[in-house]
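Here the structure is laid out as structure tokens; the discussion comes afterwards.
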Amino acid sequence: MSKIKKALMIVTCCFMQVTVSAQSVPYRLIFTGDIMLAREVQHEILEKHHASPWEQLKSFFSSADWLIGNFEGAVGNSVECRGSSVPCFAISSSMLPMVRNAGFNALGIENNHSSDVDKHNNIATENALISNKITPLTSNNSPQFLKLGRYTIAIITFTNIAGRDGKKIAIPSDVLLQKLRLAKTLANWVIVYLHWGNELM
């Protein structure tokens, strides 16, 4: 059976399901848009409702072999927010077990808020996710490879809107082209998980 090579672009704005069939065995990946757990959202969850915002989505999420979202913010304390006029999304690590219990296997941490509190290239956020058994998806570790049966899926994660650290990947760019070439060489399916757009729009 020849390799199936496809490229999909996932824009972080809504739910998207990707179903891959391998020898009549369907595998399902669900991608969500932004997961924003800072500021008033954190207050609502921890102090008012004391419940997961994904409670009503349990059966939908549990149908996925992989559940992936965009982690809009950085693990840390709001007092550590780095200077700027844009909002700072500092997310308490106490929120992460709830994210894992919702079923998320991986979170993209390439967005314009991933460096809000972390001065060391998102290391604190990456480590916090790993300790909660959630795979961090970054530009540096892209392409990330997932095995579904005998098939391989490559995920390339990046942002083309800069945050406090000023980092972004342009479209087009040599860096992105190299990642795509590597992914297409080693995977049956390639998924591009892109964060873009202007703040509050």
Side-chain angles (χ1 to χ4, degrees), residues 1-35 37 52 54 57-75 95-111 114 121-123 125-160 167 169 171 173 175-196:
M1 187 177 195
S2 62
K3 272 192 169 184
I4 303 169
K5 299 232 179 174
K6 299 206 179 212
L8 304 173
M9 181 162 288
I10 309 295
V11 177
T12 60
C13 64
C14 54
F15 291 118
M16 180 168 287
Q17 297 183 70
V18 179
T19 303
V20 182
S21 292
Q23 292 185 329
S24 302
V25 179
Y27 296 100
R28 177 176 291 168
L29 286 76
I30 295 177
F31 289 79
T32 76
D34 295 349
I35 297 173
L37 298 173
S52 168
W54 300 288
L57 293 168
K58 275 186 176 179
S59 61
F60 177 60
F61 282 176
S62 65
S63 69
D65 294 283
W66 272 79
L67 175 62
I68 300 168
N70 174 59
F71 192 66
E72 186 81 3
V75 171
M95 304 290 278
L96 295 180
M98 177 186 63
V99 178
R100 178 57 190 157
N101 289 338
F104 284 92
N105 305 99
L107 292 175
I109 57 172
E110 289 293 338
N111 56 69
S114 61
N121 299 321
N122 306 326
I123 295 300
T125 301
E126 286 189 53
N127 289 340
L129 293 178
I130 291 169
S131 68
N132 282 274
K133 297 181 172 55
I134 300 171
T135 300
L137 303 176
T138 71
S139 177
N140 286 341
N141 71 19
S142 291
Q144 185 92 330
F145 296 98
L146 309 179
K147 290 293 291 184
L148 294 177
R150 53 183 288 200
Y151 287 80
T152 301
I153 294 178
I155 300 180
I156 297 172
T157 311
F158 73 99
T159 178
N160 78 334
K167 295 178 181 176
I169 292 181
I171 305 173
S173 68
V175 172
L176 182 57
L177 186 58
Q178 288 172 357
K179 291 180 182 296
L180 287 167
R181 284 175 174 162
L182 176 62
K184 289 171 68 176
T185 300
L186 300 177
N188 305 101
W189 288 70
V190 177
I191 297 174
V192 178
Y193 196 36
L194 163 67
H195 186 273
W196 69 288

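Residues passing the side chain to side chain contact (heavy atoms under 4.5 Å, CB included) test with D65, sequence neighbours excluded: Y27, R28, L148. For T152, the side chain to side chain donor-acceptor pair (under 3.5 Å) criterion is met by K147, not counting sequence neighbours. With sequence neighbours excluded, the residues forming a side chain to side chain contact (heavy atoms under 4.5 Å, CB included) with R100 are N105, K133, I134, listed by chain and number.
Checked against L137 for a side-chain contact (heavy atoms from CB on, under 4.5 Å), the options I109, I68, L107 give a single hit: I68.
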(request) Report the C-alpha distance between Y193 and F158 in whole Å, list the side-chain angles of each, state the deciding distance to 0.1 Å, and finish with yes or no for ring pair (Phe, Tyr, Trp, His ring centres under 6.0 Å). (result) CA-CA 7 Å; Y193 196 36; F158 73 99; over 10 Å; no
(request) Walk me through it: do V175 and I169 pass the test side-chain contact (heavy atoms from CB on, under 4.5 Å)? (result) CA-CA 8 Å; V175 172; I169 292 181; 4.1 Å; yes
(request) Apply ring pair (Phe, Tyr, Trp, His ring centres under 6.0 Å) to the pair F31 and W66, showing each step before the final yes or no. (result) CA-CA 8 Å; F31 289 79; W66 272 79; 9.9 Å; no
(request) May I have the step-by-step check of side-chain contact (heavy atoms from CB on, under 4.5 Å) for V99 and L37, ending in yes or no? (result) CA-CA 10 Å; V99 178; L37 298 173; 3.6 Å; yes
(request) Show your working on side-chain contact (heavy atoms from CB on, under 4.5 Å) between I155 and V192 and close with a plain yes or no. (result) CA-CA 6 Å; I155 300 180; V192 178; over 6 Å; no
(message) Show, in sequence, the C-alpha distance, side-chain angles and deciding distance for L194 and I171, and conclude whether the side-chain contact (heavy atoms from CB on, under 4.5 Å) test is met.
(response) CA-CA 11 Å; L194 163 67; I171 305 173; 4.2 Å; yes
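Distance check: N141 CG to I156 CD1 gives 11.0 Å after rounding to the nearest 0.5 Å. Interatomic distance, NZ of K179 versus OG of S173, reported as 9.5 Å (0.5 Å rounding). We find the CG-CD distance between L176 and Q178 to be 9.5 Å, quoted to the nearest 0.5 Å. Here CE of M95 is found 8.5 Å from CZ of F71. Values are rounded to the nearest 0.5 Å.
The minimum heavy-atom distance linking N122 with S114 is given by the pair OD1-O, 2.6 Å. Nearest approach of N111 to G73, heavy atoms of both residues: OD1-N, 3.9 Å. The nearest pair of heavy atoms linking A74 to T125 is CA-OG1, 3.6 Å. Here the closest non-hydrogen pair linking L129 and P136 is CD1-CB, 3.9 Å. Here the shortest heavy-atom pairing between N140 and E110 reads N-OE2, 4.4 Å. Across every non-hydrogen atom of G108 and T157, the tightest pair is CA-CG2, 4.1 Å.
Contact check for L146 versus L29: side-chain heavy atoms found under the 4.5 Å cut-off. Within the 4.5 Å cutoff, the side chain of I35 has no heavy atoms near those of the N70 side chain.
Under a 3.5 Å cut-off, the side chain of S142 and the backbone N or O of Q144 do not form any donor-acceptor pair.
In this structure, F104 has its ring center under 6.0 Å from that of F61.
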